[in-house]
Amino acid sequence: MNTSASADQKQGKIQFDDNSLLPELFGDHDEHLIQIEQLLDVRLRYRGNSLEISGPETSREIADRVIVSLYTRLKNDLEIGEGEVKAAVRIASGNDIVDDYIQLRTKKRTIRPRSPNQAAYVKALDESDLVFGLGPAGTGKTYLAVAVAVTHLLQGKVDRIILSRPAVEAGERLGYLPGDLQEKIDPYLRPLYDALHDMMPVDQVVRRMASGEIEVAPLAFMRGRTLSHSYAILDEAQNTSAMQMKMFLTRLGEGSRMAVTGDMTQIDLPSGVRSGLGDALEVLEGVSGVSKIKFDDSDVVRHDLVTRIVRAYDKRGSIKP
């Protein structure tokens, strides 16, 4: 870590009251401090229980808020990593406020929103009967929806979780793939399994799937059903037809909630077939009980390059055939 500071730069200092938290705060080989230095153009130097911040006044103030925020997370028994550091810098730099009390406690981890849009999304998922999460890859649309569904199941607010997505494409033509039906559809449902396994031990996922408390199935399997006392999530909804979307939405039963996620810039439908997601957003505009949260590149929580990729595509416009 570069700890030198120019003569015309002022310094600030933070005192910590619990030295045992500092190794995790600073990161392996000071990786968190290095990340903050690079993002904010400051220099950080620690000795004992104090951290010295050198750099321009505005940058020092932001760095101070970032470090105090991360330290507070650790004192509240919450983990921090590269994603949390980036989120703290983004929030402190933009004066955005994310409620520290919004926490989703699953069996394996505690999950918090990392941007104001994510916080609004989690709040909507917890309170609204139907929520549309819209935006580019990496913004947490599906992950947070699964996290809320898992917490609702663990708290007894719902009896089961139903995760679905259109398999392959809107027509769901699976016949040409090798294997039995489960082997055909599993690759298209894998992101949903991955989210579940990130929040619950594998044995619990297997047990709850065997009991019917958790169901992961392609959209075609929803036809003719009533989903009562459930948390139902439809992922990749931009690849549904209007009829498929109507079919899914009208499965909503007593004591249930739904989340529908999608990215209108990544439609894989055949030419001339209108996306059911776009159609539903128009039809349901202004309908009571429906929430809509739009994400943008500032909400991307994957690798920094993903943010730059999203911005590059947005700048160019629609994808050319």
Side-chain angles (χ1 to χ4, degrees), residues 24 73-74 76-87 98-115 117-128 130-133 135 137-165 182 185-218 227 229-237 255-262 293 295 299-303 306:
E24 190 172 354
R73 280 183 59 84
L74 292 175
N76 290 329
D77 296 322
L78 298 174
E79 62 184 20
I80 66 172
E82 179 183 355
E84 283 72 28
V85 174
K86 287 192 293 186
V98 175
D99 190 345
D100 285 335
Y101 293 98
I102 300 179
Q103 300 178 9
L104 302 172
R105 296 187 179 274
T106 67
K107 289 290 187 180
K108 292 181 68 173
R109 64 182 63 233
T110 297
I111 298 164
R112 291 180 62 251
R114 296 180 180 176
S115 72
N117 278 338
Q118 287 193 351
Y121 185 52
V122 169
K123 190 172 187 296
L125 289 166
D126 191 50
E127 298 176 354
S128 298
L130 173 60
V131 179
F132 287 93
T139 51
K141 304 183 301 296
T142 303
Y143 190 83
L144 290 173
V146 173
V148 171
V150 168
T151 59
H152 277 225
L153 179 66
L154 296 177
Q155 294 168 4
K157 294 181 179 179
V158 297
D159 295 335
R160 56 182 175 160
I161 298 172
I162 297 170
L163 308 176
S164 185
R165 54 172 15 197
Q182 194 64 42
I185 64 177
D186 271 355
Y188 302 98
L189 302 173
R190 178 52 51 190
L192 301 176
Y193 287 114
D194 289 344
L196 282 173
H197 291 156
D198 204 36
M199 299 167 197
M200 302 178 72
V202 173
D203 62 325
Q204 288 198 24
V205 174
V206 172
R207 176 172 56 81
R208 290 177 184 269
M209 291 185 69
S211 69
E213 291 178 272
I214 297 177
E215 179 181 350
V216 184
L227 307 179
H229 305 290
S230 306
Y231 209 116
I233 299 172
L234 176 60
D235 190 33
E236 297 290 340
S256 291
R257 289 190 175 155
M258 280 186 171
V260 177
T261 69
I293 305 295
F295 297 96
D299 299 299
V300 172
V301 293
R302 292 181 183 168
H303 194 288
V306 175

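All residue numbers in this chain count up from 1 along the given sequence.
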Hey, what do you get for [atom1] ([X]) to [atom2] ([Y]), rounding to the nearest 0.5 Å?
{"X": "L192", "Y": "L234", "atom1": "CG", "atom2": "CG", "result": "9.5 Å"}
{"X": "E127", "Y": "L125", "atom1": "CD", "atom2": "CG", "result": "10.0 Å"}
{"X": "I214", "Y": "R160", "atom1": "CD1", "atom2": "CZ", "result": "12.5 Å"}
{"X": "R73", "Y": "E24", "atom1": "CZ", "atom2": "CD", "result": "10.0 Å"}
{"X": "L154", "Y": "T106", "atom1": "CG", "atom2": "OG1", "result": "7.5 Å"}
{"X": "Q118", "Y": "K141", "atom1": "CD", "atom2": "NZ", "result": "10.5 Å"}

ask   = For R208, what residues pass the salt bridge (charged side-chain N to carboxylate O under 4.0 Å, His left out) criterion, not counting sequence neighbours?
value =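 For R208, the residues satisfying salt bridge (charged side-chain N to carboxylate O under 4.0 Å, His left out) (neighbours in sequence not counted) are E213.
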Could you check whether any side-chain heavy atom of [X] comes within less than 4.5 Å of a side-chain heavy atom of [Y], counting everything from C-beta outward?
{"X": "R257", "Y": "V158", "answer": "no"}
{"X": "N117", "Y": "T139", "answer": "no"}
{"X": "R165", "Y": "T142", "answer": "no"}
{"X": "E236", "Y": "P191", "answer": "no"}
{"X": "V148", "Y": "V122", "answer": "yes"}

inquiry  = For A217, is there any backbone N or O sitting under 3.5 Å from a side-chain donor or acceptor partner on S164?
reply    =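 Yes: the side chain of S164 pairs with the backbone of A217.
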request  = For the pair E215 (side chain) and G212 (backbone), establish whether a donor and an acceptor sit closer than 3.5 Å, ignoring hydrogens and angles.
outcome  = no
So which atom in [X] and which in [Y] form the shortest heavy-atom distance, rounded to 0.1 Å?
{"X": "G133", "Y": "F295", "answer": "CA-CE1, 4.4 Å"}
{"X": "I111", "Y": "A147", "answer": "CD1-CB, 3.8 Å"}
{"X": "A124", "Y": "V131", "answer": "O-CG2, 3.4 Å"}

request  = Return the set of residues passing ring-ring contact (aromatic ring centres under 6.0 Å, His included) with F132 (not counting sequence neighbours), or none when no residue passes.
outcome  =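 For F132 there are no ring-ring contact (aromatic ring centres under 6.0 Å, His included) partners, ignoring immediate neighbours.
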Results of side chain to side chain contact (heavy atoms under 4.5 Å, CB included) for [X] - residues two or more places apart only:
{"X": "S256", "answer": "S230, L252"}
{"X": "A149", "answer": "I161, Y231, I233"}
{"X": "D198", "answer": "R109, Y143"}

inquiry  = Listing request: all salt bridge (Lys or Arg N to Asp or Glu O under 4.0 Å) pairs with a residue in residues 144-157, at least two apart in sequence or in separate chains.
reply    =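 The answer is D126-K157.
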